[in-house]
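Here is the structure we will look at.
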Amino acid sequence: MKGSMTEENKKNLEFIEEVTSNVDEVQKRVLHEILTQNANVEYLQRLNLNGHTERETFKKVVPIITYEDIQSDINRIANGDRSPILCSQPISEFFTSSGTSGGERKLIPTTEEENGRRYQLYGLMMSVVSQFFPDLRNGKGMYFMFIKSEAKTPGGLLARPLLTSVYKSSLFKNSNSRVSPYTSPIESILCLDSYQSMYSQMLCGLCQNREVIRVGSVFASAFIRAMRFLEDHWSLLCNDIRTGTINNKITDPSVREAVMKILKPDSELADFIEAECSKDSWEGIVTRLWPNTMYVDVVVTGAMSQYIPMLDYYCNSLPLVSIAYASSECFFGINLNPLCKPSEVSYTLIPIAAYFEFLPIHRSNEVIDSISIHTLYNEKDEQQLVDLVDVKIGQEYELVVTTYSGLYRYRVGDVLRVAGYKNNAPQFNFIRRENVILSIDSDKTNEIELQNALKNAENNLMPFDARVIDYTSYADTATIPGHYVLFWELNVSASSPIPPSVLEECCLTIEENLNSVYRQGRTSDKSIGPLEIRIVETGTFDKLMDYCCTSLLGASINQYKTPRCVKFAPHVELLNSRVVSSYFSPLCPKWVSGRKQWNNTN
């Protein structure tokens, strides 16, 4: 088996060499295949592409789009229209994106063929990792994996997050039915109760602690949450290991049965875990409890970079490996140097995955609190889109994709910077999601959404003759789970003080008006903590402006706008130093699985 795996890895690495050496030829072929396969779909016929597959005609005829441009087509598919609207192949399901439109998750169509392509690219990714860690087959991965609820569209198609689809797929289940590469039984992964899932996965990871050679979760936030869960529950877990029984809070019969196949009474292991967890410091707890761990497999780019210090603390500065760049729309690329520093992670876009184009980002000279001001694009600027081989080192671009499963010149919303090359394939740093200002887990909240939510909350202040003079926000990840913080400066009436319950109600009103991904994170997944409003002294935002307009930062008072999100540590410190009171949301916001008009399948 080991020899055949080495041969497979060799073939995969040779394939990467080949496609990264002939990028433009591969990209031309991919576009030709996509357009030939989908020549008769309604969307392309509406545009009068007329079967053309050459790049020049495609760029001239097909517009750059966002989700809203094809939402009516997607709704038709969701409602049961089986005609080839976007794609010639049948849509097998929808991936519900963590990006939202009108407060609801976007529905991204996919096909069986596209899912097969993702698995092929996953194979390439594992071959890359195996170069640096050749003995992965000799141990297990303690990965914390969770599913989210799924729904069926009126037309009968499943709508669920990509990872939920992966974990429920026959390919994933079959890989776990033989010798599992993971410590978590499939029953624990597929348990919708977040407490039971986390508890049983942690218990199984501890029982197999000597077999663990890699740890991780898709997002850094989930791995940090798992470590904090261990801090809070280690005594219960130790008791289970000592006695060989499972805590009564784990009520799912399939989970209990699966765990009992792994759990055996082991007082020595329980004593060891208890001794480590009882120590004053939890620094390096991962390498202490799982001593054979070689690396931590987590996404630490973009918004997840805020968790790097905590990961280093828990993991004793083990390598943090961000290997894949993918989304609901498409698998994009691989980090070919997985042992690089998190700040240096770059992804090589694999040219067989989709047809890639790039919209140059032109920033103004001013940068206030890390939020750049971008030029808006219109149809006249479409000729500025450049192909994969034509991007320039150091330039930032928004990614635009054309996929096999029915997205044509679709703006993904990711901003990338060209960092270098693998052969003649560009490598990109992931910079940020365009327009996103707050993110704790898979949630993405933009400025307009936050502003609208705040306006609704402000109505609670009207009976007290009070209003919000100015505000900003902050993603506080010092708490686990992390939570949104809003700094408010108020104009209040001395004769009508605001009761604390009203400001708590403001917190809840904001949460009720944020998107469904945020509300699911708060309510079902427990991956986001209650929103907090911190009231600051009068004049605080003038102080913030003074700080931003110092010569060091270079913004003039004429150009200055209050940043709606603060990330720069001195800004956060200034605001926190002037907090006079704080209030938290007293309840979880309302959230219903699926869309209001859909029936849940769970």
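For clarity, every value in this text was computed on a predicted model and none was experimentally measured. Numbers for residues simply follow the sequence, beginning at 1.
- Residues S188 and Y199 bring no donor and acceptor atom of their side chains to less than 3.5 Å of each other.
- Using a 4.0 Å cut-off between charged nitrogen and carboxylate oxygen, R522 and D443 do not count as a salt-bridge pair.
- For T287 (side chain) and G284 (main-chain N/O), a donor-acceptor pair under 3.5 Å exists by modelled atom type.
- T293 places no side-chain N or O within donor-acceptor distance of the main-chain N or O of Y295, the cut-off being under 3.5 Å.
- Look at K11 and E7 and you find no salt bridge, because none of the NZ, NE, NH1 or NH2 atoms lies under 4.0 Å from a carboxylate O.
- Checked by atom type, the side-chain pair T183/Q208 shows no donor-acceptor distance below 3.5 Å.
- If you run ring-ring contact (aromatic ring centres under 6.0 Å, His included) between Y143 and each of Y167, Y182, F172, only Y182 comes through.
- Using the six-membered ring where Trp is involved, F144 and F146 have ring planes that are parallel, under 30° apart on the 30 and 60° scheme.
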Before you tell me yes or no, could you show the steps for S197 and Q201 under side-chain hydrogen bond (donor to acceptor under 3.5 Å, both in side chains), namely the whole-Å CA-CA distance, both residues' side-chain angles and the distance that decides it to 0.1 Å? CA-CA 6 Å; S197 179; Q201 290 192 60; 3.0 Å; yes

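- R534 and N576 form a side-chain donor-acceptor contact under 3.5 Å, judged by distance and modelled atom types alone.
- Proximity of F430 to L416: side-chain heavy atoms (C-beta onward) are separated by under 4.5 Å at one or more points.
- Between atom CG of residue L320 and atom OH of residue Y307 there is a gap of 14.5 Å, rounded to the nearest 0.5 Å.
- The shortest side-chain heavy-atom distance between C507 and F584 does not fall under the 4.5 Å cut-off.
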Show, in sequence, the C-alpha distance, side-chain angles and deciding distance for L311 and M227, and conclude whether the side chain to side chain contact (heavy atoms under 4.5 Å, CB included) test is met. CA-CA 9 Å; L311 285 168; M227 292 302 103; over 6 Å; no

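- Checking E187 against S254 by side-chain atom types alone, no donor-acceptor pair falls below 3.5 Å.
- With a 6.0 Å radius and a threshold of 12 heavy atoms from other residues, nucleotides or ligands, K264 has its NZ atom above the threshold.
- A distance-only check finds a donor-acceptor pair linking the side chain of N429 to the backbone of V345 [under 3.5 Å].
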E283 and N316: CA distance, side-chain angles, deciding distance, side-chain hydrogen bond (donor to acceptor under 3.5 Å, both in side chains) verdict: CA-CA 7 Å; E283 187 171 1; N316 206 22; over 6 Å; no

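- In this model, no donor atom of one side chain and acceptor atom of the other lie less than 3.5 Å apart for E329 and T403.
- In this structure, R242 and D266 have side chains that are not in contact, with every pair of non-hydrogen atoms separated by 4.5 Å or more.
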Decide yes or no on side chain to side chain contact (heavy atoms under 4.5 Å, CB included) for I213 and K140, but give the supporting numbers first. CA-CA 6 Å; I213 59 173; K140 292 194 173 190; over 6 Å; no

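- A salt bridge does not link E512 with R519: every distance from a Lys NZ or Arg NE/NH1/NH2 to an Asp or Glu carboxylate oxygen is 4.0 Å or more.
- With hydrogens and angles disregarded, a donor-acceptor distance shorter than 3.5 Å links the side chain of R288 to the backbone of E276.
- Checking each of D414, T301, N335 against Y325 for a side-chain hydrogen bond (donor to acceptor under 3.5 Å, both in side chains) leaves exactly one that passes, namely D414.
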Quick one, L486 with E532, criterion side chain to side chain contact (heavy atoms under 4.5 Å, CB included). Give me CA distance, side-chain angles, the key distance, then yes/no. CA-CA 6 Å; L486 269 67; E532 179 184 6; over 6 Å; no

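- If you take CG on L587 and OG on S585, they are separated by 6.5 Å, rounding to the nearest 0.5 Å.
- Cation-pi check for R214 over F223 is not met; the charged atom does not lie both under 6.0 angstrom from the ring centroid and within 45 degrees of its normal.
- Counting only distance, with no hydrogens or angles, the side chain of S524 and the backbone of Q520 share no donor-acceptor pair below 3.5 Å.
- Between T348 atom OG1 and L124 atom CG the span is 11.5 Å, to the nearest 0.5 Å.
- A donor-acceptor contact shorter than 3.5 Å links the side chain of T523 to the backbone of P589.
- Checked by atom type and distance alone, the side chain of S473 never pairs as donor or acceptor with a backbone atom of V485 at under 3.5 Å.
- We find the OG1-CG distance between T153 and L158 to be 8.5 Å, quoted to the nearest 0.5 Å.
- Aromatic pair Y347/F428: centroids not less than 6.0 angstrom apart.
- Although no hydrogens or angles enter the test, the distance criterion places a donor-acceptor pair under 3.5 Å between the side chain of S127 and the main chain of G123.
- Within a 6.0 Å sphere centred on CD of E113, other residues, nucleotides and ligands contribute more than 12 heavy atoms.
- The closest side-chain donor-acceptor pair between N9 and Q131, if any, does not fall under 3.5 angstrom.
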Given L531 and H483, is the side chain to side chain contact (heavy atoms under 4.5 Å, CB included) satisfied, shown in steps? CA-CA 6 Å; L531 182 140; H483 69 293; over 6 Å; no

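- Looking at I147 and C191, their side chains never come closer than 4.5 Å, going by heavy atoms from C-beta outward.
- To the nearest 0.5 Å, atom CE of residue M142 and atom CG of residue N209 are 9.5 Å apart.
- Taking 4.5 Å as the limit, every side-chain heavy atom of S439 sits out of range of all side-chain heavy atoms of T445.
- You'll find the side chain of T509 reaches within 4.5 Å of the side chain of E505, heavy atoms only.
- Side-chain contact of S169 with N115: a donor-acceptor pair under 3.5 Å is absent, judged by distance alone.
- Pairing each heavy atom of C238 with each of I273, the nearest pair is SG-CG2, 3.5 Å.
- Put simply, the side chain of N460 gets close to the backbone of A457: a donor and an acceptor are under 3.5 Å apart.
- Relative orientation of the H233 and Y195 rings is perpendicular, given thresholds of 30° and 60° on the angle between their planes.
- Remark: side-chain polar atoms of N513 are not paired, donor with acceptor, to backbone N or O of I510 under 3.5 angstrom.
- One finds the CG atom of L190 at 11.0 Å from the OG atom of S184 (value rounded to the nearest 0.5 Å).
- Using a 30° and 60° split on the angle between ring planes, Y518 and Y484 fall in the tilted class, from 30° to 60°.
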As a quick check of understanding, evaluate side-chain hydrogen bond (donor to acceptor under 3.5 Å, both in side chains) for Y314 and E231, giving each step before the final call. CA-CA 11 Å; Y314 281 130; E231 283 192 56; 2.5 Å; yes

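- A salt bridge links D525 with K148: the distance from a Lys NZ or Arg NE/NH1/NH2 to an Asp or Glu carboxylate oxygen falls below 4.0 Å.
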